[in-house]
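Quick notes on the structure that follows.
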Amino acid sequence: VGPMSLRLILAACATLTLAACASAPKLDTMPQRAFVPEQFFKGRTYASGEFVSTLDGSKRGLTALIDGSFDGKTLTLVEYFTYSDGEKDKKTWRLTKTGPTTYVGTREDVVGQAQGRLDGPFFRLTYAADVKAKGSVYTLTFDDVLGLQPDGLSLIHISEPTRLLS
């Protein structure tokens with residue numbers, strides 16, 4: 001595997017499925033390079049990070065393998081997660097391009113549709129998702145921000161829950 005085909009996500013909060021973030025980098029410290037999801041996630045991507053739940057305070061490391069494909073309209077991301085406690089999970093994002101800078105998305109645990117948009121050097125994704133904690137399921141809203149690192153091969157991803165839905 002060559003260095004160009006082995007891309008890593010330097011994840012402040014791992015990938016697109018996190019429930020919370022402990023200490024995310026500030027947006028003004030992120031690079032100003034354009035991020036185009038369907039280009040970055042084409043093929044296989046690897047990620048690592050830490051899952052920090054604001055619901056119960058739990059922390060655990062995680063790694064992810066992400067297989068991405070783009071058919072000209074829809075970006076499909078199949079994410080395979082392995083947590084430090086041994087739990088494994090699989091999620092599939094389907095992000096459909098609806099305009100030059102806009103997307104709608106679905107995933108197994110997303111309530112309704114996610115709304116995505118390119119915003120200068122960032123990709124922003126807003127959605128509500130069902131999150132399991134302490135034997136219960138909570139619906140949280142998320143605001144995700146993704147941007148390229150200066151090397152152009154790695155990514156910062158900030159994922160923050162904004163509120164608990166009833």
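Note that the structure is a prediction, hence the values are computed from the model and not measured. These values consider heavy atoms only, across backbone and side chains, with no hydrogens, waters or symmetry-generated copies.
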Check the pair T74, T96 against side-chain hydrogen bond (donor to acceptor under 3.5 Å, both in side chains), reporting the backbone distance first and the verdict last. CA-CA 4 Å; T74 301; T96 302; 3.2 Å; yes
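- Using a 4.0 Å cut-off between charged nitrogen and carboxylate oxygen, R107 and D109 count as a salt-bridge pair.
- Minimum interatomic distance between L95 and G105 (heavy atoms only, all atoms of both residues): CD2-CA, 3.7 Å.
- To the nearest 0.5 Å, atoms OG1 (T101) and CZ (R124) are separated by 12.5 Å.
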Run the numbers on Y127 and D144 for side-chain hydrogen bond (donor to acceptor under 3.5 Å, both in side chains), then give the verdict. CA-CA 9 Å; Y127 57 97; D144 288 6; 3.1 Å; yes
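- Between F81 and L65 there is no side-chain heavy-atom pair separated by less than 4.5 Å.
- When all heavy atoms of L125 and A114 are compared, the pair lying nearest together is CD1-CB, 3.9 Å.
- In this structure the side chain of F41 reaches within 4.5 angstrom of the side chain of L146, judged on heavy atoms.
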Verify salt bridge (Lys or Arg N to Asp or Glu O under 4.0 Å) between D119 and R117, making sure each step is shown before the conclusion. CA-CA 6 Å; D119 180 18; R117 66 184 170 89; 3.5 Å; yes
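- F142 and V104 are assigned to two separate hydrophobic clusters, defined by single-linkage of ILVMFWY side chains at heavy-atom distances under 4.5 Å.
- Side chain to side chain, E38 and Y103 meet the donor-acceptor criterion of an N or O pair below 3.5 Å.
- Here K91 contributes atom NZ and L77 contributes atom CG; the two are 14.0 Å apart, rounded to the nearest 0.5 Å.
- With values rounded to the nearest 0.5 angstrom, T106 atom OG1 is found 6.0 Å from R94 atom CZ.
- A donor-acceptor contact shorter than 3.5 Å links the side chain of E108 to the backbone of T92.
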Run the side chain to side chain contact (heavy atoms under 4.5 Å, CB included) check on W93 and E79 step by step: do they pass? CA-CA 8 Å; W93 272 107; E79 304 171 311; 3.5 Å; yes
Test side chain to side chain contact (heavy atoms under 4.5 Å, CB included) on H157 and V145; report intermediate values, then the result. CA-CA 6 Å; H157 177 185; V145 180; over 6 Å; no
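- The NZ atom of K59 lies 12.0 Å from the OG atom of S84; values are rounded to the nearest 0.5 Å.
- There is no path of hydrophobic side-chain contacts, each under 4.5 Å, that joins F70 to V36.
- If you take OG1 on T63 and OH on Y83, they are separated by 9.5 Å, rounding to the nearest 0.5 Å.
- Annotation: side chain of K97 is not in contact with side chain of L75 (no heavy-atom distance under 4.5 Å).
- The nearest pair of heavy atoms linking A128 to T139 is CB-CG2, 4.2 Å.
- Interatomic distance, OG1 of T98 versus CD of Q115, reported as 7.5 Å (0.5 Å rounding).
- For the pair G147 and F122, the tightest heavy-atom approach, listed with the atom from each and the gap, is CA-CD2, 4.3 Å.
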